[in-house]
Amino acid sequence: MVEAAGTLEVSIWRGGAEGAMQRYQVPARGNQTVLDIVTHIQRELDPSLAYRFACRVGMCGSCAMMVNGRARWTCRTHASRVIGADGRLGLRPLANLPVIRDLATDMAPFFDKWARARGRFQPKDAPDGAVPQEFHVVPPASKQRREADAGIECIGCGVCHASCDVVAWNPDYLGPAALNRAWTLVNDVRDGARQERMEAVAGDAGCHSCHSTQSCTERCPKQLDPSAAIAGLKRSLFWDTLLGRRA
Amino acid sequence: MNRVAQGQMHLWIAQRVTAMVLALAVTVHLVTIILAVRGGLTAAEILGRLRGDALWLGFYAVFALCAGLHGAIGLRNIAGETLGWRGRGFDLAWLGIGLATAGFGIRAAWGLYAA
Ligand code: SF4
Ligand code: SF4
Ligand code: FES
């Protein structure tokens, strides 16, 4: 993995939709993350390299890229863990999104899907956004609270969206992150937009296209389970329809 | 709900419900085959069991209907994802194919019933 001289062979996508891989030699260091490598290249070798990061500690979700073909958060990925037996590291922009330049993708379609899935909290008692009169008591052990908790820590990194075959086949598909978000809100007893949200996530562009293959769950760096959230949406819509509850 | 999404969801529900029915029907079908071949399978023996029996007719009619719909909806999804065949026209065509397949099965069951 580390070559004789202690350098790494790194190839990086340069360009937009059209472009090519470009090679760089980067000094190998202990405890180096993939993001450290990209930052080294941009600061020391090629200031024109475009990429995105902010927090560097796994909170903001902005640093995701394809690392040797697999979507990962690069600030929390140690280079030593991902460099293949051939000693090479290949970095490309996050899959399933338009490339702006180099390693920076346009995240707008990803977040537009959150909006389409009604990923915004809609207070039940105060549709106009005013502070509600009464506070809801939400017991931490209640089933709904636990369902919501399971998906709430999403950082919006897009790793799951880049790992989902159905997104690749059908660009309209809302994808695991937006549907996971919708499921946390469906389980939020304070939320008043369940009906609209369930309607927004139904059909071929919504939860019904998911194959439950769990790439999203496997790849999510926050160990969330969007696949289970989507199964929850399908189950709710199934019974809503069969029992004639409006859905 | 928007009509298109609702229709797509109904197809999904139909596929799950037919899957449940098929799980049961295939089991009954297999057990029947295993029991039937033990006595040597002859046309006369099959007709003896099925001719004039409304219960078997009903069973095979439901079986054929579920198989036809289940298969066509599955093919619709595969064609949509791999070939990009999406939209109302394709959906209607698949529904037609599913019902036609079911029709062949039901006609065969009827043939044995009325033989
Ligand atoms: S489980 Fe569903 S959402 Fe997750 S990767 Fe598979 S198809 Fe995509
Ligand atoms: S669900 Fe996980 S992988 Fe998907 S955007 Fe959220 S944190 Fe990232
Ligand atoms: S830079 Fe914020 S999550 Fe990686």
Side-chain angles (χ1 to χ4, degrees), chain A residues 95-96 113 115-118 161 163-176 178-179 182-183 186 193-213 215-216 227 229-247, chain B residues 1-27 58-59 61-63 65-102:
Chain A
N96 295 341
K113 290 179 180 181
R116 259 173 54 209
R118 303 263 175 166
H161 187 266
S163 308
C164 175
D165 287 332
V166 177
V167 174
W169 294 329
N170 179 8
D172 280 342
Y173 175 51
L174 291 170
L179 292 170
W183 181 239
V186 166
R194 180 180 197 276
Q195 189 60 41
E196 294 91 317
R197 191 168 297 110
M198 293 311 278
E199 292 180 7
V201 300
D204 286 351
C207 63
H208 294 110
S209 276
C210 170
H211 288 240
S212 310
T213 46
S215 307
C216 51
S227 179
I230 297 168
L233 291 172
K234 287 180 186 168
R235 206 167 45 238
S236 295
L237 279 164
F238 183 80
W239 290 114
D240 282 356
T241 307
L242 252 58
L243 302 178
R245 296 193 290 239
R246 249 197 77 211
Chain B
M1 187 179 304
N2 110 39
R3 293 275 303 278
V4 176
Q6 191 176 36
Q8 292 165 344
M9 177 180 73
H10 285 155
L11 287 177
W12 184 90
I13 290 174
Q15 209 197 16
R16 300 304 134 140
V17 171
T18 53
M20 293 176 211
V21 176
L22 284 173
L24 209 77
V26 169
T27 311
F59 170 76
V62 171
F63 192 170
L65 187 66
C66 288
L69 290 177
H70 186 83
I73 297 170
L75 288 173
R76 164 195 181 266
N77 297 345
I78 295 171
E81 282 169 357
T82 57
L83 305 171
W85 291 2
R86 296 193 178 93
R88 213 177 140 68
F90 282 115
D91 285 355
L92 289 174
W94 284 118
L95 201 63
I97 291 171
L99 290 175
T101 321

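Note on naming: letters A, B, ... go to the chains in the order of the sequence lines (proteins, then strands), and numbering restarts at 1 for each one.
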Problem set entry | Residue pair A:Thr241, B:Met9: steps toward the side-chain contact (heavy atoms from CB on, under 4.5 Å) verdict | CA-CA 9 Å; A:Thr241 307; B:Met9 177 180 73; 3.3 Å; yes
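At a threshold of 4.5 Å between non-hydrogen side-chain atoms, the residues A:Asp165 and B:Glu81 do not count as touching.
In this structure, OG in A:Ser209 is found 11.5 Å from CH2 in B:Trp12, a value given to the nearest 0.5 Å. With rounding to the nearest 0.5 angstrom, the CH2 atom of A:Trp169 is 11.0 Å from the CG atom of B:Asn77.
Close approach to chain A, defined as a heavy atom under 4.5 Å from one of its heavy atoms, is seen in no residue of residues 92-101 of chain B.
Contact record, B:Arg16 with A:Phe238: CB-CE1, 4.3 Å, taken as the closest heavy-atom pair. The shortest non-hydrogen separation linking B:Ala5 to A:Ala202 is CB-O, 3.7 Å. Shortest non-hydrogen contact noted between B:Ile13 and A:Leu242 is CG2-CD1, 3.8 Å.
Inspection of the B:Gln15 and A:His208 side chains reveals no N or O donor paired with an N or O acceptor under 3.5 Å.
A salt bridge between B:Arg76 and A:Asp204 is present, with a side-chain N of the basic residue lying under 4.0 Å from a carboxylate O of the acidic one.
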